[in-house]
Amino acid sequence: MVQPTEPEFEQAYSELLLTLEDSTLFDKKPHLKAVLPVVSIPERTIMFRVVWQDDKGQMQVNRGYRVQFNSALGPYKGGLRFHPSVNLSILKFLGYEQIFKNALTGLSIGGGKGGADFDPKGKSDGEIRRFCEAFMRELSRHIDQDTDVPAGDIGVGGREIGFLFGAFRRYRNSFQGVLTGKGLTWGGSLIRPEATGYGLVYYVEKMLEYASLGTFAGKIVAVSGSGNVAQYAALKAIELGATVVSLSDSKGAYVAKGAAGFSAEEISLIADVKLNRLDLYSLDDKFKAKFDYYAGARPWTLIKKIDIALPSATQNEVSAADAEALIRAGCKIIAEGSNMGSTMEAIEIFEKARTSTSDSSIWYAPGKAANCGGVAVSGLEMAQNSQRISWSTQEVDQKLKEIMINCFENCLNTSITYSSIKDEKLPSLVKGANIAGFIKVAEAMLDQGDFY
Ligand code: GLU
């Protein structure tokens with residue numbers, strides 16, 4: 001299942017396996033054990049070359065991929081990532097997480113992921129458009145609204161989805177809901193850009209309530225990242241009365257000097273900078289009076305007092321040392337907006353501290369549960385496209401809230417049902433998410449004879 005050259009996929013696979021084995025799942029449902037080696041191999045992997053022309057008229061070449069991991073619950077669904085670090089290991093880990101995340105939304109969507117090792121940083125709009133066109137030249141042969149519906153991820157936002165959608169329409173002569181995250185006038189859903197960040201905050205609201213920790217009002221929230229997920233998680237937390245004290249990018253972190261955190265206006269400046277594919281540091285003239293900049297750093301070790309941590313940048317952005325620093329800072333809740341945001345060692349530290357009776361207890365929610373709001377609203381976009389209608393902001397936001405509440409309760413109750421330890425004050429959400437997602441997919445595969 002796991003190839004020796006696939007460290008990120010191995011991590012995602014081991015994390016799932018360890019949590020399933022460390023529960024009563026296979027005692028209660030022994031027939032599901034045989035599913036694990038099958039579900040861990042993608043149904044299909046497509047790898048292709050992408051040849052495109054830069055602004056100087058030179059030919060450039062990149063590697064393109066689509067991992068069609070599992071379609072037992074619906075069409076393959078998951079984003080496209082354009083980043084120089086993209087390789088098969090990264091996309092297999094993301095695709096694997098996506099299968100179980102999508103199951104947790106309660107919607108009819110299978111799991112997949114794709115992308116390219118293309119770096120959008122420093123590229124012109126023309127270069128981005130030509131790259132998207134070239135990427136879709138091959139991908140358009142393999143996707144369709146009922147087969148595989150990609151969306152955005154790191155490096156792929158509304159602009160890229162527009163170029164990709166247009167290219168698909170021209171190659172295939174077909175206007176259909178084949179991508180999500182589309183523009184509002186051509187099939188997109190309201191709230192899709194906000195959905196991952198908002199959904200993350202809705203999930204944490206339920207954690208706070210269950211743990212009797214109050215609401216977001218008055219809480220100190222540390223956020224990493226500054227892309228779509230981080231921006232909307234921060235904005236929703238601020239709207240609910242929290243103080244957001246940090247944001248970051250791959251080059252460094254901004255941390256509030258005093259009691260005042262980021263304002264909605266400052267976050268909109270960040271949104272402009274990101275749209276122009278610039279570094280966060282380009283805002284330093286505007287930010288330096290209120291925020292300290294730490295080059296090359298992540299926020300976790302830099303803040304003395306934190307109530308809630310929302311890693312929303314990329315995989316493995318919380319190390320064991322970061323986990324310990326968060327606990328020392330008094331952090332009570334950590335919920336991932338990023339996919340596989342914490343290393344295995346960090347999760348181990350959080351899971352140990354979860355059961356601590358002292359003041360150092362912390363409750364950890366993995367990305368596949370806490371960040372499922374984004375793909376959930378993608379699922380709602382597909383539903384609207386099929387009916388050729390669009391729902392209002394309130395309707396979509398309400399549905400998103402319900403999905404996040406159901407996801408939280410599903411993780412919690414599944415954890416209680418299958419935990420080998422009774423009466424835990426804070427049941428393990430990582431176990432609950434993995435077991436609930438796995439059962440749903442495994443039973444669908446058995447029902448559909450995926451074993452013959
Ligand atoms: N890339 C997002 C994720 O990691 C969204 C995928 C989608 O909307 O299909 O879940």
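Counting starts at 1 for both ligands and their atoms, in listed order. When reading the values below, keep in mind they use all heavy atoms of this one structure, side chains included, and skip hydrogens, waters and symmetry mates. Numbers for residues simply follow the sequence, beginning at 1. A quick note: this is a predicted structure, and the numbers were derived from the prediction, not measured.
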Q.
Give the atom numbers and elements of ligand 1 that come within less than 4.0 Å of a heavy atom of Asn339.
A. 4 (O)
Q: With heavy atoms of Arg192 as the reference, note each atom of ligand 1 found under 4.0 Å away.
A: 5 (C), 7 (C), 8 (O)
Q | Per-atom contacts of ligand 1 with Lys113, taking only distances under 4.0 Å to non-hydrogen atoms | A | 1 (N), 3 (C), 4 (O)
Q.
Can you tell whether the side chains of Lys121 and Asp279 come within less than 4.0 Å, N to carboxylate O?
A. yes
**Q.** Near-ring test Phe262/Tyr254, centroid separation under 6.0 angstrom
**A.** no
Q.
Between the side chains of Glu209 and Lys206, is the shortest nitrogen-to-carboxylate-oxygen separation below 4.0 Å, so that they form an ion pair?
A. yes
Q.
Suppose we measure from atom 6 (C) of ligand 1 to each protein heavy atom; which comes out shortest, and what is that distance?
A. Gly79 N, 3.6 Å
Q | Heavy-atom gap Arg81 to ligand 1 smaller than 4.0 Å | A | no
**Q.** Nearest-neighbour protein heavy atom for atom 9 (O) of ligand 1, which is reported as residue plus atom name and distance
**A.** Lys77 NZ, 2.7 Å
Q. Any idea which part of Val149 is under 4.0 Å from ligand 1, heavy-atom wise: side chain, backbone, both or neither?
A. neither
Q) For the residue pair Leu32 and Phe438, what are the closest heavy atoms and their distance? A) O-CZ, 3.6 Å
Q. In the protein, what heavy atom is nearest to atom 10 (O) of ligand 1, and what distance, to one decimal place, separates them?
A. Lys101 NZ, 2.7 Å
Q. Looking at ligand 1, does Gly152 have a heavy atom less than 4.0 Å from it?
A. yes
Q. Short list, please: which atoms of ligand 1 are under 4.0 Å from a heavy atom of Ala151?
A. 7 (C), 8 (O), 9 (O)
**Q.** Pair Glu205 + Lys236: basic N to acidic O under 4.0 Å
**A.** no
Q) Any idea how Phe175 and Phe165 line up, ring-wise: parallel (<30°), tilted (30 to 60°), or perpendicular (>60°)? A) perpendicular
Q: Indicate the ring-plane relationship of Phe9 and Tyr13, choosing parallel, tilted or perpendicular according to the 30° and 60° boundaries.
A: tilted
**Q.** Ligand-residue contact atoms, ligand 1 with Ser378, heavy atoms, under 4.0 Å
**A.** 7 (C), 8 (O), 9 (O)
**Q.** Shortest non-hydrogen contact from Gly373 toward Ala195
**A.** O-CB, 3.5 Å
